[in-house]
Amino acid sequence: MPAEPATLRPEIPWIDSDRLEERLAASGAPEAHKAFARDLARDGLAIIDLGDDLIGLCERIEAEVAHHFAPGITRVHDAWRRSEAIRAVATHPEILARLALAYGRTPFPFQSLNFHRGSQQDVHADTLHFHAEPAGFMCGVWLALEDVRPESGPLVYYPGSHRLPVLGMAEAGAIDGATTPANYNDLYGPAILRRLDEAGLKPGLAMLKKGQIAVWAANLAHGGSKMLDPASTRRSLVLHYYFDDCVYYTPMLSTKTRQARRLPADIATGGWRWPRRAGRPVSVPAKQFAAAILHRLTRRTPRF
Ligand SMILES: O=C(O)CCC(=O)C(=O)O
């Protein structure tokens with residue numbers, strides 16, 4: 001998909017803009033894509049249903065990652081490097097076209113997570129972990145590799161919470177630059193739940209069928225609900241996307257004076273994307289650069 005000329009790239013995602021309808025009308029996009037963008041703008045989560053199109057890929061993903069799930073391992077990071085089927089989903093034209101329409105920039109997938117069971121992950125927004133400048137150019141894509149059952153700990157989310165102010169560790173009460181696993185759990189978790197409660201937002205469960213996809217906006221509060229049956233499986237694939245020509249960083253590890261910049265991978269090429277501001281490359285700390293090179297050298301990604 002060709003990148004838009006830099007002059008046409010919006011500074012805020014279309015889904016966050018009061019010009020969304022104007023943009024959709026001018027796009028000539030299929031009605032299903034427009035409905036997706038409207039749902040994402042309104043709720044912060046939207047469903048992509050490609051009928052049976054992804055069923056075969058779901059089965060291939062399961063076959064390609066099954067051997068990673070040794071006893072005790074419930075999530076696998078970046079299996080895209082070894083799974084052609086994950087790369088095929090991550091770069092699926094139907095997903096990329098919807099994201100490009102909703103955001104107004106060209107998306108690229110940079111990370112994958114496979115789950116065998118429910119994650120039971122605490123409620124959070126991805127804006128704490130993966131943020132961008134300009135803000136909002138990041139989203140999560142969740143593919144059901146099997147029908148989700150209520151007892152398996154479905155993905156939980158709070159419709160409308162993407163419109164709340166971004167909650168960082170400082171707003172949650174942490175001393176600047178002092179994020180630790182303990183204060184993350186003690187401060188961030190309760191703070192986001194308090195905000196959701198004060199805003200009167202109620203949770204929903206993503207009861208997806210095999211092959212259906214949920215896309216969430218970066219600031220949507222979400223997590224994994226409690227597994228009512230500990231033996232149940234809930235096989236799923238999570239992909240994280242950034243958009244071109246942005247600065248990518250980790251707010252949780254940033255301070256008032258130091259932005260913890262990222263050098264995200266690009267699943268489409270197996271390489272990485274250099275962060276940019278208005279078309280110009282920005283600096284990346286040597287540590288991140290070295291980590292990206294090491295990653296590249298030690299984890300071979302076959303071409304496809
Ligand atoms: O799949 C889940 O249970 C939660 C996933 C999640 O919160 C995430 O990937 O950010």
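Each ligand, and each atom within it, is numbered from 1 in the order the structure gives. Residue indices begin at 1 and follow the sequence shown.
The side chain of H222, and not its backbone, has at least one atom closer than 4.0 Å to an atom of ligand 1 (non-hydrogen atoms only; side chain from C-beta on). When non-hydrogen atoms are compared, ligand 1 lies under 4.0 Å from the side chain of W216 (C-beta onward) but not from its backbone.
Salt-bridge check for E198 with R195: failed, with every basic side-chain N at 4.0 Å or more from each acidic carboxylate O. By the 4.0 Å N-to-carboxylate-O rule, R9 lies close enough to D245 to be salt-bridged with it. With salt bridges taken as basic N to acidic carboxylate O contacts below 4.0 Å, one links E146 and R235. With salt bridges taken as basic N to acidic carboxylate O contacts below 4.0 Å, one links E31 and K34.
No hydrogens or angles considered: nothing links the side chains of S225 and Q120 as a donor-acceptor pair under 3.5 Å.
If you number the atoms of ligand 1 from 1 as listed, the ones under 4.0 Å from a heavy atom of L155 come out as 2 (C), 4 (C). With ligand atoms numbered from 1 in the order given, ligand 1 contributes 5 (C), 6 (C), 7 (O) to contacts under 4.0 Å with heavy atoms of Q121. For ligand 1, the atoms closer than 4.0 angstrom to any heavy atom of D126 are 10 (O). Set against the non-hydrogen atoms of G224, the atoms of ligand 1 under 4.0 Å away are 3 (O). Those atoms of ligand 1 that come under 4.0 Å of a heavy atom in W142, given as number and element, are 1 (O), 2 (C).
Atom 7 (O) of ligand 1 has H124 CE1, 3.0 Å as its closest protein atom, hydrogens excluded (heavy atom only). Here the protein heavy atom with the shortest distance to atom 4 (C) of ligand 1 is S119 OG, 3.4 Å.
Here F108 and Y248 bring their ring centres to under 6.0 angstrom of each other.
Counting heavy atoms from C-beta outward, Y188 and N183 have side chains that stay 4.5 Å or more apart.
Using a 30° and 60° split on the angle between ring planes, F130 and F110 fall in the perpendicular class, above 60°.
Here atom 9 (O) of ligand 1 lies nearest to V238 when heavy atoms of D122, V148, V238 are compared.
Q120 does not count as a contact of ligand 1, since none of its heavy atoms falls under 4.0 Å from the ligand.
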